[in-house]
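From a predicted model like this one, the values you see are computed outputs, not experimental measurements.
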Amino acid sequence: VLTHALHYASSVFEGQRAYNGEIFKLNEHSERLRRSASLLGFELPWSVDEINAACNEVLKANNLTDAYMRPVAWRGAESIGVSAGATKPHMAIAAWEWGKYYDERKSKDGIRLEIAPWRRPAPYTAPTESKAAGLYMICTLSRQHAEDHGYDDALMFDWRGRVAEATGANVLFVRDGQIHTPVPDCFLDGITRRTVMDLARRRGVEVHEREIWPDELESFEQMFLAGTAVEITPVQSVGPWKFEVGDLTRQLAKDYEDLVNGRIPNA
């Protein structure tokens with residue numbers, strides 16, 4: 001109960017999925033876990049290889065082949081106070097069966113997003129490149145607010161008012177057969193996001209990482225989320241803006257499913 005992480009949010013984590021007994025892009029997740037901790041000022045004594053091995057051991061011990069996994073690292077209760085003092089790093093890894101993040105129908109037909117009442121902070125106010133637990137407080141508040149109003153999730157703007165991300169996944173848009181996605185300069189550059197961008201480029205689709213302002217949303221034809229938990233999830237609306245679940249979104253969702261299940265070479 002007195003762990004430093006619980007009182008002062010000194011905790012980092014990963015979300016990763018296993019498909020057919022293989023943890024997708026495990027090395028990238030383990031590298032990011034160590035980097036996230038370092039950004040919060042504490043170094044993990046476990047190497048990437050050791051974290052990888054532990055994750056695989058947990059998957060095997062739970063007799064799981066398709067699973068969601070949550071490695072989490074935190075500062076312990078060795079000393080109490082804002083200063084980290086003599087706290088030591090701890091780590092745990094959980095694994096469980098978890099199907100679609102949203103129900104099957106919404107994952108196919110698209111989800112509805114509300115505009116979040118909270119914004120992503122500026123990079124000079126928080127370690128925004130870290131997958132840190134404390135940065136998700138406003139995500140929880142925004143998601144709860146959306147659900148209370150009958151929506152599935154929320155779209156967050158950044159501190160400047162630009163389009164940023166959803167509460168637990170990156171956002172990508174389609175216009176004239178090209179993909180547009182916000183520059184991740186104050187939120188996480190997701191592993192799934194990068195994977196989908198690579199898949200799109202394999203198909204010859206142009207991908208633009210750039211500033212996107214809300215008044216541009218009406219010009220996009222399609223929108224989808226990309227993240228380990230949500231995988232590729234189409235969006236049918238954001239507040240007053242409507243989108244179609246188009247061919248490119250469906251194709252990239254299929255490509256991603258084929259990739260994680262080993263049916264096409266890794267991107």
Side-chain angles (χ1 to χ4, degrees), residues 13-36 46-72 93-111 131 166 168-172 174 177 179 181 184 188-207 209 222-235 245-267:
F13 68 96
E14 280 298 313
Q16 56 205 34
R17 280 189 186 264
Y19 300 88
N20 303 314
E22 296 289 332
I23 304 170
F24 185 63
K25 299 211 168 180
L26 173 59
N27 208 66
E28 291 185 38
H29 283 286
S30 297
E31 288 175 345
R32 189 170 66 182
L33 183 70
R34 283 179 49 84
R35 186 168 63 253
S36 291
W46 306 281
S47 69
V48 169
D49 287 343
E50 287 173 324
I51 296 171
N52 289 349
C55 288
N56 283 316
E57 186 177 344
V58 168
L59 189 67
K60 183 179 178 180
N62 283 277
N63 196 30
L64 294 170
T65 56
D66 295 279
Y68 182 85
M69 302 191 69
R70 174 57 57 85
V72 56
I93 302 167
W96 63 91
E97 290 184 358
W98 194 8
K100 294 293 184 182
Y101 190 75
Y102 305 100
D103 67 45
E104 195 72 35
R105 181 184 61 79
K106 290 178 180 178
S107 296
K108 178 181 177 182
D109 298 336
I111 59 172
K131 194 171 176 68
N170 293 122
V171 298
L172 298 95
V174 178
I179 287 178
T181 187
L188 214 58
D189 180 8
I191 292 171
T192 306
R193 173 185 182 271
R194 294 197 302 269
T195 300
V196 172
M197 290 164 64
D198 287 341
L199 288 169
R201 291 185 179 112
R202 285 188 183 192
R203 290 194 167 275
V205 176
E206 288 190 41
V207 179
E209 292 184 83
Q222 302 170 46
M223 176 184 179
F224 60 91
L225 307 186
T228 295
V230 305
E231 300 172 299
I232 308 301
T233 297
V235 174
V245 182
D247 291 341
L248 184 53
T249 297
R250 295 187 191 279
Q251 183 63 63
L252 290 173
K254 182 181 183 303
D255 287 350
Y256 184 77
E257 183 180 355
D258 288 344
L259 176 65
V260 297
N261 284 287
R263 293 191 289 267
I264 60 175
N266 204 349

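Looking at R17, its side chain does come within 3.5 Å of a backbone N or O of A229 through a donor-acceptor pair. The backbone N or O of L26 lies less than 3.5 Å from a partner atom in the side chain of S30, making a donor-acceptor pair.
Side-chain contact between Y102 and L225 is present, with heavy atoms from C-beta onward closer than 4.5 Å. Side-chain contact check for L188 versus R32: some heavy-atom pair is nearer than 4.5 Å. Residues T192 and F24 form no side-chain contact, since every pair of their non-hydrogen atoms from C-beta on lies 4.5 Å or further apart. Contact of the C55 side chain with the M69 side chain is registered, since non-hydrogen atoms from C-beta on lie closer than 4.5 Å. Considering only heavy atoms from C-beta on, L252 comes within 4.5 Å of F224 through its side chain. Considering only heavy atoms from C-beta on, N170 stays 4.5 Å or farther from V196 through its side chain. When side chains are defined from C-beta on, Y68 counts as touching T228, because their heavy atoms get closer than 4.5 Å. Here the side chains of T65 and N20 are not in contact, with every heavy-atom distance at 4.5 Å or above.
By the salt bridge (Lys or Arg N to Asp or Glu O under 4.0 Å) test, R70 is found to be paired with no residue, residues two or more places apart in sequence or in another chain being considered. Partners of Y256 according to the side-chain hydrogen bond (donor to acceptor under 3.5 Å, both in side chains) rule, which considers only residues two or more places apart in sequence or in another chain, do not exist here. Under the rule for a salt bridge (Lys or Arg N to Asp or Glu O under 4.0 Å), E57 has no partner lying at least two apart in sequence or in another chain. By the salt bridge (Lys or Arg N to Asp or Glu O under 4.0 Å) test, E209 pairs with R193, sequence neighbours left out. By the salt bridge (Lys or Arg N to Asp or Glu O under 4.0 Å) test, R263 pairs with E257, D258, sequence neighbours left out. With sequence neighbours excluded, no residue forms a side-chain hydrogen bond (donor to acceptor under 3.5 Å, both in side chains) with Q16.
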Apply salt bridge (charged side-chain N to carboxylate O under 4.0 Å, His left out) to the pair D255 and R203, showing each step before the final yes or no.
CA-CA 10 Å; D255 287 350; R203 290 194 167 275; 2.5 Å; yes
Before you tell me yes or no, could you show the steps for V235 and T249 under side-chain contact (heavy atoms from CB on, under 4.5 Å), namely the whole-Å CA-CA distance, both residues' side-chain angles and the distance that decides it to 0.1 Å?
CA-CA 10 Å; V235 174; T249 297; over 6 Å; no
Could you give me the CA-CA distance, side-chain angles and deciding distance for R201 and D198, then say whether salt bridge (charged side-chain N to carboxylate O under 4.0 Å, His left out) is met?
CA-CA 5 Å; R201 291 185 179 112; D198 287 341; 3.7 Å; yes
Might you work through the side-chain contact (heavy atoms from CB on, under 4.5 Å) test for R35 and K131, ending with a clear yes or no?
CA-CA 9 Å; R35 186 168 63 253; K131 194 171 176 68; over 6 Å; no
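The shortest non-hydrogen separation linking A166 to V171 is N-CG1, 3.7 Å. Minimum heavy-atom separation, L59 to G21: CD2-O, 3.7 Å. The shortest heavy-atom contact between W46 and R34 is O-NH1, 2.7 Å. When all heavy atoms of K25 and T195 are compared, the closest pair comes out as NZ-OG1, 3.0 Å. Taking each heavy atom of V230 and A169 in turn, the nearest pair found is CG2-CB, 3.7 Å. In plain terms, the two heavy atoms of V58 and A94 that are nearest each other are CG1-C, 4.5 Å.
How far OG1 of T181 is from CZ of R194: 12.0 Å, rounded to the nearest 0.5 Å. With rounding to the nearest 0.5 angstrom, the CD atom of E14 is 9.5 Å from the CD1 atom of I51. Atom CG of N261 sits about 11.5 Å away from atom CD of E22, to the nearest 0.5 Å.
Within 6.0 Å of atom CG in D247, 12 or fewer heavy atoms from other residues, nucleotides or ligands are found, so the atom counts as exposed in its surroundings. Crowding of Q251 atom CD: a count of heavy atoms from other residues, nucleotides or ligands under 6.0 Å exceeding 12. More than 12 heavy atoms of other residues, nucleotides or ligands shown are found within 6.0 angstrom of CG on D109.
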